[in-house]
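As structure tokens, the structure follows; a few thoughts come after it.
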Amino acid sequence: MELRLTVIGGPDKGRSFTLTSGKKLLVGRGEASDTRINDPSVSRVHFEISVDGAVVLVADRGSSSGTHVDGVQIEAKQIKPGAVIVAGDTQLRLDVAVDTNESTIISGPEPQTAVKPLSQLIGSNLGPYHLDSIIGRGISGMVFKATDAEKGRVAAVKVLTPQFTSNDEQRQRFVRAMKTMLPIRDERIIRLYNAGKTGQYCWAAMEYIEGENLTQLIERVGIEDMLDWKKVWRIAVDIGRALKAGYAAHVVHRNVTPTNIIRRNSDEACLLGDFMLAKALEGTMAQQVTSPGQILGDVPYMAPERTRADVEVDTRADLYGLGATCYALLTGRPPISGTSVTEMIINVREEQPRPPKEYQLAVNEMFQDIVMKLLSKNPSDRFANPDSLLKELLRVGKYNQLDPGF
């Protein structure tokens, strides 16, 4: 019996690589890899795959976009024939070849092999939207700048990877979640226009914001990567308002990070995006992506309870994410760090972050106390809900004569 890794999607579709028991195959686009994949979104050495008898193990090698197996991001995972590995825009399937008079490839189920990689959707239409260019990418999919042919307006269209919604139950959950989110309106939540399912692609069209996300802001603001605490206070008020609207609708975001917050160029107001994705991941999918080693989102911004698959999260986990984001804006770094996902999870649960004033002396102590309370390990030690947080933020603003923007 012979195992092969077959490229079923991406620029190198049709290539295959033989796997040898007792040896590792390094998959990537660089010279140090064994494959030299012609995909610029693949890291130089993206992941490794090893065979030991009947055991096949895939392990990420610190790639920039992560390694996914059957739609779930992994750090290391044992796989079986038929499993689909996604690296960048390249999809690879583990196949079994048997020796007969004519060598025949026997594979597992053929999940989504007929669909294009998301990057190849530029110029195509999903519903009334013509996809013009890529403006962002993440674990769950890709975001396109698009033109609404019916309404003549620009929109941002998020398309989920087919592996992420790989069966009818997951796709229907996505559609139901979009219907739940459509009525929710708030000035600080990026508006969802509509959503749908076109072929194998689930997509959501939303308001297009001219601006930058807070990760980009952190990267460019000055030598020390810190913002004046008054600007961070205003961001906290804006996102606190967004979370208040979500709380009123009984929706938990689950992934409040700098990347999911957009600061609008015209007035520097901040808006929270990706609310709909949290709702779409309710149920079994949410359990999968919040288990150790298969985590959706940015680990350094995760509340401790989100790192445990058997703990139900509520709005206080979102408040933690806001606190972690404020901390990064004030200090230039998230509240915890680590050299691996496992180490970061341990630190999220146990490590107490140092006060922001140790990095930026000008930080107001009242505001610092709010941020540190948001970062409490025990949810009961945080603010009970966004209303309680906003009251305290506005008290700080009034004392310091700050304009909350409403």
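Counting heavy atoms from C-beta on, the side chains of Leu375 and Lys373 never come closer than 4.5 Å. With a 4.5 Å cut-off on side-chain heavy atoms, Asn125 and Leu131 do not count as touching. Side-chain contact check for Val55 versus Gln78: some heavy-atom pair is nearer than 4.5 Å. When side chains are defined from C-beta on, Tyr193 counts as touching Tyr129, because their heavy atoms get closer than 4.5 Å. Using a 4.5 Å heavy-atom cutoff, the side chains of Arg29 and His46 are not in contact.
Partner of Val58 under the side chain to side chain contact (heavy atoms under 4.5 Å, CB included) criterion, chosen from Leu94, Leu25, Ile74: Ile74.
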Please list, one pair per line, the donor and acceptor atoms closer than 3.5 Å that link side chains of residues 379-392 to other protein atoms, with sequence neighbours excluded.
unit_1 : atom_1 : unit_2 : atom_2 : d
Ser380 : OG     : Asn378 : OD1    : 2.9
Ser380 : OG     : Asn378 : ND2    : 3.4
Arg382 : NE     : Ser376 : O      : 2.8
Arg382 : NH1    : Glu305 : OE2    : 2.7
Arg382 : NH1    : Arg316 : O      : 3.0
Arg382 : NH2    : Glu305 : OE1    : 2.9
Arg382 : NH2    : Ser376 : O      : 3.1
Arg382 : NH2    : Lys377 : O      : 3.3
Asn385 : OD1    : Asp387 : N      : 3.1
Asn385 : OD1    : Ser388 : N      : 2.9
Asn385 : OD1    : Ser388 : OG     : 3.2
Asp387 : OD1    : Lys244 : NZ     : 3.3
Glu392 : OE2    : Arg395 : NE     : 3.0
Glu392 : OE2    : Arg395 : NH2    : 2.5

Side-chain donor-acceptor pairs under 3.5 Å in residues 231-238, sequence neighbours left out?
unit_1 : atom_1 : unit_2 : atom_2 : d
Trp233 : NE1    : Leu393 : O      : 2.8
Arg234 : NE     : Asp238 : OD1    : 3.4
Arg234 : NE     : Pro404 : O      : 3.4
Asp238 : OD1    : Arg188 : NE     : 3.1
Asp238 : OD2    : Cys270 : N      : 3.0

Item to complete: Decide yes or no on side chain to side chain donor-acceptor pair (under 3.5 Å) for Ser43 and Arg61, but give the supporting numbers first.
Response: CA-CA 9 Å; Ser43 296; Arg61 288 288 297 264; over 6 Å; no
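Of the charged side-chain nitrogens involved, at least one lies within less than 4.0 Å of a carboxylate oxygen, so that Asp148 and Arg153 count as a salt-bridged pair. Ionic pairing of Glu210 and Arg264 is not present here: no N-O contact between side-chain nitrogen and carboxylate oxygen is shorter than 4.0 angstrom.
Between Trp229 and Phe367, the ring planes lie tilted relative to each other; the angle falls in the 30° to 60° range.
Proximity of a side-chain donor or acceptor of Asp39 to a complementary backbone N or O of Thr90 within less than 3.5 Å is detected.
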